[in-house]
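Quick note on labels: first sequence line is chain A, next is B, and so on, each numbered from 1. We use all heavy atoms of the structure for the numbers below, so side chains are in, but hydrogens, waters and symmetry mates are not.
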Amino acid sequence: AQSVTQPDIHITVSEGASLELRCNYSYGATPYLFWYVQSPGQGLQLLLKYFSGDTLVQGIKGFEAEFKRSQSSFNLRKPSVHWSDAAEYFCAARSGGSYIPTFGRGTSLIVHP
Amino acid sequence: KAGVTQTPRYLIKTRGQQVTLSCSPISGHRSVSWYQQTPGQGLQFLFEYFSETQRNKGNFPGRFSGRQFSNSRSEMNVSTLELGDSALYLCASSSDTEAFFGQGTRLTVV
C-alpha cells in the first residue's frame, strides 16, 4: 500500500540552528512529493514540491528539500530556523494519475529562543 | 488570484444535529477534496469531487456526504453528529500539479 512516513512526531531546535525533518515514502513508482506547513488552527500551506529533475528543490520561507530515490526519502531542511517557523509540517505524496495526496502524520516543530 | 474559501470558520453543534460546510475552490480548479483532521488520527481523506461527480471516497460512514455544483463550489454534510466528529475540516482545491488548502472549518460537537 502507498504510504508516507514521518518518523519524528516532535522536533525541538534552538532559534538559529539548522533543521532537518525526515520523510520516507512507499510507492510503486516515484510519486510527486510535497511539503506543507500548518500553523495552529489554519489550513495547509505548500512549502515546496518535487515532480522530477533536480533532486534539490527550493521552496518558500528559506526551506529546501532533497529527493533521494535510493532511500525513498524527501527530507526538508532549513539552514537557520526562526521562531516563526514553529508549526506542524506535513510531507505528502501522490501518484501521477491521482489528485489525492497521501499525508504523513506530521512533525511538530518547536523553536526555543 | 483568490484562494480557497471555507465557510463558516467555526461551528458548534449538538449531538444528533446535522451540519453543512462550504468550500469555494480556486477559479478554474475542478477537483475539490475534503479532509478531516484530528489530533489522534491526523489528516484523513473524506472524498473528492471532480466536475460534479464523486471520484474518490475515503473510509468514512455514510453520515458523511458531499456534493459539487456546476461552478465547482462544494459542500459537505454530516448528519446525526457524534462527539467524535469534532475536528478541523479542510477543503483542498487541486490543479493537475498541486493542492491548495482553505483555512478550514473548526467543528465542535457538544
Measure [X] against the heavy atoms of chain B and call it side chain, backbone, both or neither at under 4.5 Å.
| X | value |
| --- | --- |
| Leu44(A) | both |
| Glu88(A) | neither |
| Phe103(A) | side chain |

Heavy-atom pair with the smallest gap, counting every atom of [X] and [Y]:
| X | Y | answer |
| --- | --- | --- |
| Ile60(A) | Leu46(A) | CD1-O, 3.4 Å |
| Pro31(A) | Arg94(A) | CB-O, 3.3 Å |
| Val57(A) | Leu48(A) | O-CD2, 3.9 Å |

Subject >> Choice from Cys91(B), Gly42(B), Ser95(B) maximising heavy atom contacts with chain A below 4.5 Å >> reply: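 Of the options given, most contacts go to Ser95(B).
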Original post:
Do you know which of Asp96(B), Leu88(B), Leu90(B), Asn56(B) has the most heavy-atom pairs under 4.5 Å to chain A?
Top reply: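 Of the options given, most contacts go to Asp96(B).
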Original post:
Non-hydrogen atoms of chain A under 4.5 Å away: do they reach the side chain of Ser33(B), the backbone, both or neither?
Top reply: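 For Ser33(B), side-chain heavy atoms alone lie under 4.5 Å from chain A.
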Original post:
Quick one: what part of Gln41(B) sits under 4.5 Å from any heavy atom of chain A, side chain, backbone, both or neither?
Top reply: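 For Gln41(B), the contact with chain A is made by the backbone alone.
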Subject >> Hydrophobic cluster membership, Val37(A) vs Val13(A), 4.5 Å side-chain cutoff >> reply: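 Yes; Val13(A) is reachable from Val37(A) via cluster members.
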Original post:
For the hydrophobic clusters of this structure (ILVMFWY residues joined by side-chain heavy atoms under 4.5 Å, transitively), does one cluster hold both Phe67(A) and Trp35(A)?
Top reply: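 Yes, same cluster.
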Original post:
Among all residues two or more places apart in sequence or in another chain, which pass the salt bridge (Lys or Arg N to Asp or Glu O under 4.0 Å) test with Glu82(B)?
Top reply: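 Here the qualifying residues are Arg63(B).
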Original post:
Knowing that exactly one of Phe74(A), Phe63(A), Tyr36(A) qualifies, which makes a ring-ring contact (aromatic ring centres under 6.0 Å, His included) with Tyr89(A)?
Top reply: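 Result: among Phe74(A), Phe63(A), Tyr36(A), Phe63(A) is the only option passing the ring-ring contact (aromatic ring centres under 6.0 Å, His included) with Tyr89(A).
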Original post:
Under 4.5 Å, heavy atom to heavy atom, which residues of residues 64-75 of chain B contact chain A?
Top reply: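 Against chain A, none of the residues of residues 64-75 of chain B fall inside the cut-off of heavy atoms under 4.5 Å.
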**OP:** Please work out whether the ring planes of Phe51(A) and Tyr32(A) are parallel, tilted or perpendicular, with thresholds of 30° and 60°.
**Re:**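 Tilted.
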**OP:** Decide, yes or no, whether a salt bridge links Lys61(A) with Asp85(A) under the criterion of side-chain N to carboxylate O below 4.0 Å.
**Re:**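 Here Lys61(A) does not pair with Asp85(A) in a salt bridge, since their nearest N and O are not under 4.0 Å apart.
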